[in-house]
S.K.: 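Before we start, here is the structure in question, set down as structure tokens.
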Amino acid sequence: MEYSASHSPSSGALSSSLTEQEHAAVNEAINALKSKAGALLPVLHHIQGTLKYVPPSAVPVIAKGLNLSDADVHGVISFYHEFRHSPPGANVIQICRAESCQSMGSRSLEQHACSRLGIDYHQTTTDNNFTLEPVYCLGNCMNSPSVRVNDQIYGEMTDEEFDLLLNGLLTQVIEVQLP
Ligand code: FES
């Protein structure tokens, strides 16, 4: 199956307001964590844990809730690349770009993955099935190169195994879509 990119989650176009669900997630994170020292990062992780992304429109809400400036919040979100700005696809595929994995061929693997999916890092396929992200060490260096798909880590990944993994995920997607 050929894929193409639908959007870049990291492009970060500002939306005008938060949805009800986004608002609830943001407020829950702030209320649960605002009394902690250095609450900003935990709040951002909490929001992403709930929504799978941090809405750009949440920046002023977070800033106000934590007595910070919008620039403070925006700066941290921009610095840590793991924070997404929009919802990811149904499956998030992360390829490790850290040293051990690079030495075992992750650069070649990521080229294969980009070609196979028709997207680059921080993009999602048009069918919304896959988002591709870089990651920097998954703690699985002994089995480099490593890939994480959603919550599962796979080691010693080859192009062929990546294709098998993708086919397996596609089968799951089709099964979920069937009545
Ligand atoms: S360097 Fe890739 S898992 Fe550690």
Side-chain angles (χ1 to χ4, degrees), residues 1-16 18-19 21-22 25-26 29 40-59 62 70-102 104-141 144-155 157 159 161-163 165-170 172-173:
M1 182 178 288
E2 291 295 316
Y3 285 103
S4 58
S6 62
H7 62 271
S8 168
S10 60
S11 60
L14 285 178
S15 56
S16 57
L18 295 171
T19 65
Q21 184 195 17
E22 290 170 341
V26 171
L40 179 53
L41 266 179
V43 162
L44 294 173
H45 280 293
H46 194 292
I47 294 168
Q48 179 145 305
T50 305
L51 297 173
K52 298 190 175 174
Y53 64 103
V54 179
S57 295
V59 168
I62 298 166
D70 288 8
D72 289 334
V73 178
H74 183 71
V76 169
I77 292 173
S78 303
F79 183 78
Y80 292 98
H81 293 267
E82 71 259 35
F83 293 121
R84 303 184 193 104
H85 300 262
S86 59
N91 296 286
V92 177
I93 299 175
Q94 296 175 314
I95 299 178
C96 179
R97 304 190 90 192
E99 194 174 336
S100 172
C101 286
Q102 270 200 43
M104 294 301 286
S106 69
R107 283 296 167 100
S108 164
L109 177 65
E110 68 188 13
Q111 281 178 4
H112 175 76
C114 288
S115 162
R116 182 71 207 279
L117 292 167
I119 56 175
D120 206 340
Y121 280 133
H122 304 293
Q123 293 185 332
T124 297
T125 54
T126 48
D127 60 9
N128 220 31
N129 281 336
F130 301 105
T131 294
L132 188 62
E133 295 180 344
V135 70
Y136 296 88
C137 197
L138 292 164
N140 192 39
C141 315
S144 298
S146 297
V147 168
R148 179 163 58 198
V149 180
N150 305 321
D151 293 328
Q152 186 76 40
I153 295 174
Y154 300 87
M157 183 63 61
D159 292 357
E161 283 163 357
F162 182 86
D163 290 347
L165 195 56
L166 214 55
N167 289 339
L169 290 167
L170 275 172
Q172 284 175 25
V173 169

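On a predicted model such as this, the values are computed, not experimentally measured, just so you know.
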S.K.: Roughly how far apart are Asp120 CG and Ser115 OG, rounded to 0.5 Å?
M.R.: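 Atom-to-atom, Asp120:CG and Ser115:OG are 11.5 Å apart.
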
S.K.: State whether the side chain of Ser106 and the backbone N or O of Pro145 hold a donor-acceptor pair below 3.5 Å, judged by distance alone.
M.R.: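 No, because the side chain of Ser106 does not come within donor-acceptor range (under 3.5 Å) of the backbone of Pro145.
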
S.K.: Which residues satisfy the side chain to side chain contact (heavy atoms under 4.5 Å, CB included) test with His45, sequence neighbours excluded?
M.R.: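 Side chain to side chain contact (heavy atoms under 4.5 Å, CB included) list for His45, sorted by chain: Leu41, Glu82, Phe83.
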
S.K.: If you compare all heavy atoms of Gly89 against all heavy atoms of Thr131, which two are closest, and at what distance to 0.1 Å?
M.R.: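 Distance-wise, the nearest heavy atoms are N-OG1, 2.6 Å.
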
S.K.: Specify the closest pair of heavy atoms between Val59 and Asp70, including all atoms of both residues, with the distance to one decimal.
M.R.: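 That closest heavy-atom pairing would be CG1-O, 3.6 Å.
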
S.K.: About how many Å separate CD1 of Ile47 and CD1 of Ile77, when rounded to the nearest 0.5 Å?
M.R.: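 Between atom CD1 of Ile77 and atom CD1 of Ile47 there are 7.5 Å.
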
S.K.: Working to the nearest 0.5 Å, report the span between NE2 of His122 and OG of Ser86.
M.R.: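 Rounded to the nearest 0.5 Å, the NE2-OG separation comes to 11.5 Å.
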
S.K.: Drop me the distance from Leu117's CG to Leu132's CG, to the nearest 0.5 angstrom.
M.R.: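 Here the interatomic distance stands at 6.0 Å.
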
S.K.: Run the side chain to side chain contact (heavy atoms under 4.5 Å, CB included) check on Val147 and Glu161 step by step: do they pass?
M.R.: CA-CA 11 Å; Val147 168; Glu161 283 163 357; over 6 Å; no

S.K.: Tell me whether the count of non-hydrogen atoms from other residues, nucleotides or ligands lying under 6.0 Å of OH in Tyr136 goes above 12.
M.R.: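 Correct, the count exceeds 12.
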
S.K.: Can you find a pair of side-chain heavy atoms, one from Ile62 and one from Val26, that are under 4.5 Å apart?
M.R.: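 Counting from C-beta outward, Ile62 and Val26 do come under 4.5 Å.
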
S.K.: Can you check whether Asn129's main-chain N or O pairs, donor with acceptor, with Asn91's side chain at less than 3.5 Å?
M.R.: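 Side chain of Asn91 to backbone of Asn129: a pair is present.
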
S.K.: Using every non-hydrogen atom in the two residues, find where Ala90 and Asn150 come nearest and quote the distance to one decimal.
M.R.: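 Scanning both residues completely, I find the closest heavy atoms to be O-OD1, 4.0 Å.
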
S.K.: Name the atoms and distances for all side-chain donor-acceptor pairs under 3.5 Å in residues 92-101, with sequence neighbours left out.
M.R.:
residue : atom : partner : partner atom : Å
Gln94   : OE1  : Arg148  : NE           : 2.7
Gln94   : OE1  : Arg148  : NH2          : 2.9
Gln94   : NE2  : Glu133  : OE1          : 3.0
Arg97   : NE   : Glu110  : OE1          : 3.0
Arg97   : NH2  : Glu110  : OE2          : 3.0
Ser100  : OG   : Cys141  : O            : 3.2
Ser100  : OG   : Ser144  : OG           : 2.7

S.K.: What's the spacing between Leu51 CG and Gln21 CD if we round to 0.5 Å?
M.R.: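 Leu51 CG to Gln21 CD: 5.5 Å, rounded to 0.5 Å.
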
S.K.: Name the orientation class of the two ring planes belonging to His112 and Phe162 (parallel below 30°, tilted from 30 to 60°, perpendicular beyond 60°).
M.R.: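 Perpendicular.
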
S.K.: With rounding to the nearest 0.5 angstrom, report the NZ to CZ distance, Lys52 to Arg84.
M.R.: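 Answer rounded to 0.5 Å: 8.0 Å.
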
S.K.: Tell me, please, which residues at least two apart from Asp159 pass salt bridge (charged side-chain N to carboxylate O under 4.0 Å, His left out).
M.R.: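 Partners of Asp159 under the salt bridge (charged side-chain N to carboxylate O under 4.0 Å, His left out) test: none.
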
